[in-house]
Amino acid sequence: MDDASMIGLMGRVTGTVAPGLVGEVIVRVRGGAEHFLAYAADGAVRIEPGTVVTVVEYLPPRTVYVTPAYGS
C-alpha cells in the first residue's frame, strides 16, 4: 500500500495513544481490517481506546500518525 492511499483513512484506537507510549489502531484497508502501531500527530494529546481517528501520516510498513476525528 502506498503512502498516499493510507492518508485520510479512518480507524479506531485499540491501545491508548499518548505521549511516551506507542498506541495501536485498527484501520480498514485492502478489503479487511489491519492493526498499526500509532502515535498522536500532536505529541501532547492522549487518545483513549474506542476513539475514531484519521490517519495523517503513514510510515511503512506498520506505523501511522493519527488525530482524533470529529473533534473527539
Side-chain angles (χ1 to χ4, degrees):
M1 172 159 277
D2 66 21
D3 296 3
S5 61
M6 284 291 293
I7 307 298
L9 291 180
M10 298 180 82
R12 186 170 304 273
V13 175
T14 55
T16 302
V17 177
L21 294 177
V22 178
E24 183 181 61
V25 298
I26 189 166
V27 179
R28 290 194 163 279
V29 292
R30 295 183 276 267
E34 298 182 19
H35 288 266
F36 292 85
L37 299 177
Y39 294 93
D42 174 352
V45 172
R46 181 178 183 91
I47 309 172
E48 298 295 334
T51 304
V52 176
V53 293
T54 302
V55 175
V56 296
E57 187 174 350
Y58 171 58
L59 302 175
R62 310 282 324 152
T63 302
V64 292
Y65 282 79
V66 297
T67 188
Y70 311 121
S72 311

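Numbers here simply count residues along the sequence, with the first being 1. Just so it is clear, the values below take in all heavy atoms, side chains as well, and ignore hydrogens, waters and symmetry mates. Every value quoted in this text rests on a predicted model; they were computed, and no experiment measured them.
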To the nearest 0.5 Å, how far apart are OG1 in T67 and CD in E57? 12.5 Å

Please report the interatomic distance CD1(I47) to CG(L21), rounded to the nearest 0.5 Å. 11.5 Å

Ignoring hydrogens and angles, tell me if any N or O in the side chain of Y58 forms a donor-acceptor pair with the backbone of P61 under 3.5 Å. yes

Under 3.5 Å, is there a donor-acceptor pair between the side chain of R12 and the main chain of G50? yes

M10 and V52: which non-hydrogen atoms are nearest, and at how many Å? CE-CG1, 3.6 Å

V17 versus G23, closest heavy-atom pair with distance: CG2-CA, 3.9 Å

Taking the side chain as C-beta and beyond, is there a heavy-atom pair between V25 and H35 under 4.5 Å? no

Which heavy atom of V66 sits nearest to which heavy atom of V64, and what is that distance? CG1-CG2, 3.8 Å

Gap separating the OG1 atom of T14 from the CD atom of E24, nearest 0.5 angstrom: 3.5 Å

Where is the tightest heavy-atom contact between P68 and V53, given as atom of each residue plus distance? CA-CG1, 4.1 Å

Is there a path from I26 to V22 through hydrophobic residues (I, L, V, M, F, W, Y) whose side chains come within less than 4.5 Å of each other? no

When every non-hydrogen atom of G43 is compared with those of P19, the smallest separation belongs to O-CG, 3.1 Å

Which heavy atom of M6 sits nearest to which heavy atom of V29, and what is that distance? SD-CG1, 3.7 Å

Euclidean distance, L9 CG relative to R28 CZ, rounded to 0.5 Å: 11.5 Å

CD1-OH distance between I7 and Y65, expressed to the nearest 0.5 angstrom: 12.0 Å

